[in-house]
Structure formats: structure tokens, C-alpha cells
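Any value given below was found using the heavy atoms of this structure, including those in side chains, with hydrogens, waters and symmetry copies removed. Residue indices begin at 1 and follow the sequence shown.
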Amino acid sequence: DHDDQVRGVCPAPSHFPKGSVLTCSLDKTIKLWEPENGENGRVYNRTKIFVGHTDFIIDLKILPITDEREKELFVSIGHDRKLIVWDCDTAEAVMVKENAHEGNISSLKVVGSGRFILTGSWDKTIHIWNAKNLERVTKLVGHEGNVLALEQLDDGTIISGSGNNEIRIWSGSGKLKKTIPRAHTSCVRSICQYETGFASTSNDGFVRIWTKDGEPKSNYQAHDNLVYSIICSSSPRVGEHKLLITSSEDQQVKFWKADGNCLQRIYFPSCLWTCAELNNGDFAVACADGKAYILTQNDKFKATEAKQKTFDDAVQESKEKRSGIKMEDLEDVTILTDIKGQSNNEMKVVNDNGTAMCYLWDMANGKWECIGEYLSGNDSNPNSQDLSQKQAINGVLYDRVWDVEIDDTGAKYKLGYNLGDDPYAAAQQFILNHGLRQTFLDEIAEFILKQTGQNFAGDLNKPKEPQSAMFDPYAAMEKEERKKQQEVKDHFPVEIYPTIRSFTKPEKVMAKILEDNDQIDNLAEHPGW
């Protein structure tokens, strides 16, 4: 477990036991987990912790062996703008590039058989680094939005996706070959090589398949909500075709056939940021609940019945929490074939295979339209709600929706808010959804408070007419610079040590200390930890 959301996963270097995985988190740490088979099935032991980043860690990738590199290393990026290369055996940083970009680093790719590193940033640039010494080889400019996705095809072509919905195609040396200005209807979050071309996904919920030259081949709606990641299996899994795997805000991982049909979907207890294939054929999934989950087809490694039940219960609890209702209180989705709505946009929430799904009556066409999972749990009886004043974003209904400008390109994003919700929680989720800087949190939360007439004491039920539905988060950049002056490291060394008695729940602190002591005893054979 991590103390905050897990944002990235990747296979550990190959000299560790097969199936070992590296995880990175918003808690600013990276952890190595090694599998062990026991009487109660396979367990994953944390064997190393890597500390060096001073802000959220967003992603990490393996650096393979090359003529100039005798063993596998790995590289990580974070909101501290650092590019760090690590030795997995010693858990120490081998190289650190401070201020690798002028903005937060938002995407990472190892290319050229491990000889080069690509990074994309909120400064709208792509940098190509020499992996041997972290010297910058070249800088790719031209994007008008934050660079959120990077990929390199087998022929060396570089593909990039950005926050203003576009995809760009570059030569291996960094020369711009093509721009696809409206590749998606929202920001492009992830790109992967697929067959002879590539696949992309976006906050619009769609997967789009392209030729290597950027010509569209096909597309399909993969999720009802934001899709953060898409990867391709390393080998064929169904017939002669590889699978595409998507991870989404809707808490699902889906496995897709070449024809766009969903082979399997798996629900998780929280939002999913990314997925990675491990060197034993398993898949690791990064989850916002602070955990990484392992998916396997090997019966020997499957979770015990007790662990599976714990997982299933957590998923069900999460679904009920998201919807605010219990599944047994809802009618089955099949009821919609026998009833008609009484008015346009009449809402019906039903139990669709264990998930509360929201349907609206389309009076013009005389049918129920599914708009996505029901997430607005402010009413104990959702089927009695008046939706005439509500607006939907990615299938989620909100009391208030604003168009928000987040950069100087004029691009706008939808910010939704339900009266009664915590403005800071809503602002934080908006930041994570769109890859914004954490320093925008106060600006966004204050904007919500101002627009809804709330105060900081939690006066959440006195809405008033909104003023201008715009704010300028770049004003927060001055705050960011001031915070840098006062930065305090979250890890060692520290100058003031708290006592056990100073904590409100000392028994939990003591339990954690004892747990870590047991870990240390078990890791005597790993002196580099």
C-alpha cells in the first residue's frame, strides 16, 4: 500500500523474481514489490522504498541494458520537475536532472532501445534526453497544450498527444511531420503502438485507431468517463491479435479485441490511472485507493477466496458510495423494456449488473438513453429527482457546470459541482482529471465557493447567482514560486521529531512501526534497502 494514490506501475528489472513490480505514488515515494508463493497463495512483499522526489510522482519506466549500461535501471518523473534515474539494487538515485522542464513533467517514454528518454510537460514542450548522462539532445516545440501522452513506433516515429485535443507526429530526430488538430473532442491522455499504427484515448471516453501516418481507421466509445491509459499486450492473447487494455475514471479496466469488442471488464474500488504488463504475463493496475492490483490468468497465482471476497466487498461498497444507494433497493435494468417515461429527461436509476446506471427518457424517440453510472448521491430516492436544472459531464449530473480556462490557448474545460459537496474535494478531482498543477487547488476551490455563495466554514446550502464563470489559475504561479522559497522536505533529514504521544491515534502509529520492524527483519538479505 501507499499513503496516497498510486499513479504509475511498471515491471521491475528482470533480475528480480518474475512478476516483481515498481509502483509510484502521490505520496512522493516509489516502492518495489516482489512476489512470494506461500500456503495462502501468492503475496507481494515490499522490499525497497525509493525517496528523492519532493512532489507527486507521476510515472516510471524501465531503462533496459545497452552497450553503455550493464544492468537495468529505471527512470521516474514528478511534479517537482525532476527526472531521476534509479538503481533498483541499492534504492539510490544514479542521476538527477533538476528543473528538466519549465512546467510539471506530465509524460514519460523510454525510446531508442533504452538509449534515450522522452518527457512531455505542462510547458507544452517535449524533450529528448540522452539516457547515459541526462543531457538534453533536442527540444520539440509546437504543441499549444500540455503534453500528456508520448509513444515511439517501431520505425522511430514519435507520437505525442496534448491537452488541447491534438496529436502530433514527429520524425525520430524531432522534425514535425503532421498535426491532427481535433484528434479527440477532449484532451489526449494516452497513446500506444498498435499493429502497424497507434491507438489513442482521451477524456472523451473514446479509443481511436490510427495508421502510422495519422489517418483514422476506427474508433469506439470505451468508457462513459475519462480514460487515462491505453496499452497494448506484448503478445497475441486472442487468436493472432494483441489486446488493447484501457484504464478509466469509471473504476474499470477493459480488455479489447482488435474489432473493438470488449472481451472483459473488471471493476475496482477506485479510479484507475494506468496499467502495465509484467514480465510473467500478469498485469499491474495503479489505483487511486493507494493500492496496485495484479491481474493474472494463472490459476496458481489467483487470490484466495477470502482475498477475493474482500476485494469484491470493497468494489461493492465503492459502487454504493458513488451512487449513494444500495443495489438491492434498485429495480433491475430489464424493467426499462416494460415501462415508458412520463416526461422528457425523466430519470430512472436501475441495477445494471451490480452498478447503479442512470437512464433518461428521450420523449422524441420514445426510448430510455443510458447516460452513464449514477454518481450523484445527494437524494435518498434518485428516481424522484428533478433534472430540469442539472447538467451532465461524462455521464455525471451536476447542479452547477462552468467553462473554465486553464491556459493561454483559450481551451476550456467543464468544471462540475454538486451543492453540498466539499469544494476542495471537487477542485482536487478536477486537477487530477486534467493534469493541472497542484498549486491551482486554492484558486479552483475559491472559484467554486465564490460562484455558489459559500463560505469557508462550510455554508454549503446558500447558492447565489454566479458572477463571471472564468478564473485565471496562472495567478497561482506566483504562489508556487513563494512556496518554493519555503519548501520543507517531506522525508529525511528532519530537525524536529514528534513523539508517539503527540498523535491523536498513537496505537495506529505503533502498529505501523511494528509492521515496518517485521519488514526490516525479513529484508536482512537486502542491505541496500
[atom1]-[atom2] distance between [X] and [Y], expressed to the nearest 0.5 angstrom:
{"X": "Glu151", "Y": "Cys192", "atom1": "CD", "atom2": "SG", "value": "6.5 Å"}
{"X": "Asn279", "Y": "Glu277", "atom1": "CG", "atom2": "CD", "value": "9.5 Å"}
{"X": "Leu150", "Y": "Arg168", "atom1": "CG", "atom2": "CZ", "value": "13.5 Å"}
{"X": "Phe16", "Y": "Lys48", "atom1": "CZ", "atom2": "NZ", "value": "4.5 Å"}
{"X": "Thr23", "Y": "Leu60", "atom1": "OG1", "atom2": "CG", "value": "8.0 Å"}
{"X": "Leu22", "Y": "Lys61", "atom1": "CG", "atom2": "NZ", "value": "12.0 Å"}

N-O pairing of [X] and [Y] below 4.0 Å:
{"X": "Glu369", "Y": "Lys367", "value": "yes"}
{"X": "Asp299", "Y": "Lys302", "value": "yes"}
{"X": "Glu166", "Y": "Arg182", "value": "no"}
{"X": "Lys414", "Y": "Asp403", "value": "yes"}
{"X": "Glu331", "Y": "Lys348", "value": "yes"}

Quick one: closest heavy-atom pair of [X] and [Y], and the distance?
{"X": "Lys340", "Y": "Trp368", "answer": "C-CZ2, 3.9 Å"}
{"X": "Ile57", "Y": "Ser76", "answer": "CG2-CB, 4.4 Å"}
{"X": "Ala199", "Y": "Ile209", "answer": "CB-CD1, 3.7 Å"}
{"X": "Leu278", "Y": "Ala284", "answer": "CD2-CB, 4.1 Å"}
{"X": "Cys370", "Y": "Tyr359", "answer": "CB-CE2, 3.4 Å"}
{"X": "Asn203", "Y": "Ser186", "answer": "CB-OG, 3.2 Å"}

Measuring centre to centre across the rings, with the benzene-like ring taken for any Trp, is [X] within less than 6.0 Å of [Y]?
{"X": "Phe430", "Y": "Phe440", "result": "no"}
{"X": "Tyr220", "Y": "Phe206", "result": "no"}
{"X": "Tyr293", "Y": "Phe311", "result": "yes"}
{"X": "Tyr194", "Y": "Trp210", "result": "no"}

*asked:* For Tyr44 and Glu34: C-alpha separation, side-chain torsions, deciding distance, then whether side-chain hydrogen bond (donor to acceptor under 3.5 Å, both in side chains) applies.
replied: CA-CA 5 Å; Tyr44 282 78; Glu34 297 183 38; over 6 Å; no

Expected output: side-chain [X] to main-chain [Y] donor-acceptor under 3.5 Å:
{"X": "Ser25", "Y": "Asp4", "value": "yes"}
{"X": "Ser247", "Y": "Trp273", "value": "no"}
{"X": "Thr452", "Y": "Ile448", "value": "yes"}

Taking the side chain as every heavy atom from C-beta outward, state whether [X] and [Y] have any pair of such atoms under 4.5 Å apart.
{"X": "Pro269", "Y": "Glu317", "answer": "no"}
{"X": "Ser248", "Y": "Leu272", "answer": "no"}
{"X": "Cys262", "Y": "Phe255", "answer": "no"}
{"X": "Leu26", "Y": "Arg7", "answer": "yes"}
{"X": "Val253", "Y": "Phe268", "answer": "yes"}
{"X": "Leu441", "Y": "Ile431", "answer": "yes"}
{"X": "Val43", "Y": "Lys307", "answer": "yes"}
{"X": "His223", "Y": "Lys254", "answer": "yes"}

*asked:* Would Leu148 and Val188 count as a side-chain contact (heavy atoms from CB on, under 4.5 Å) here? Give the steps.
replied: CA-CA 7 Å; Leu148 296 173; Val188 181; over 6 Å; no

_Quick one, Gln316 with Asp312, criterion side-chain hydrogen bond (donor to acceptor under 3.5 Å, both in side chains). Give me CA distance, side-chain angles, the key distance, then yes/no._
CA-CA 6 Å; Gln316 190 62 35; Asp312 292 341; over 6 Å; no

*Start with the C-alpha distance between Gln251 and Ser270, add both sets of side-chain angles, then the distance that settles side-chain hydrogen bond (donor to acceptor under 3.5 Å, both in side chains), and finish with yes or no.*
CA-CA 5 Å; Gln251 305 181 197; Ser270 191; 5.3 Å; no

*asked:* For Thr47 and Trp33: C-alpha separation, side-chain torsions, deciding distance, then whether side-chain contact (heavy atoms from CB on, under 4.5 Å) applies.
replied: CA-CA 6 Å; Thr47 57; Trp33 306 86; over 6 Å; no

*Do Ser106 and Asn146 meet the criterion of a side-chain donor-acceptor pair at a distance under 3.5 Å?*
no

*Determine, stepwise, if the pair Val227 / Val207 fulfils side-chain contact (heavy atoms from CB on, under 4.5 Å).*
CA-CA 9 Å; Val227 185; Val207 168; 5.6 Å; no

*Decide whether a cation-pi geometry holds between Arg400 and Tyr417; the criteria are a distance under 6.0 Å from NZ or CZ to the six-membered ring centre and an angle within 45° of the ring axis.*
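No; the conditions do not both hold, so Arg400 does not lie above the ring face of Tyr417.
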
*Given Asp27 and Thr29, is the side-chain hydrogen bond (donor to acceptor under 3.5 Å, both in side chains) satisfied, shown in steps?*
CA-CA 6 Å; Asp27 67 9; Thr29 69; 2.7 Å; yes

*Under the side-chain contact (heavy atoms from CB on, under 4.5 Å) rule, what do Thr185 and Asn165 come out as? Steps first, then yes or no, please.*
CA-CA 6 Å; Thr185 59; Asn165 312 350; 5.6 Å; no

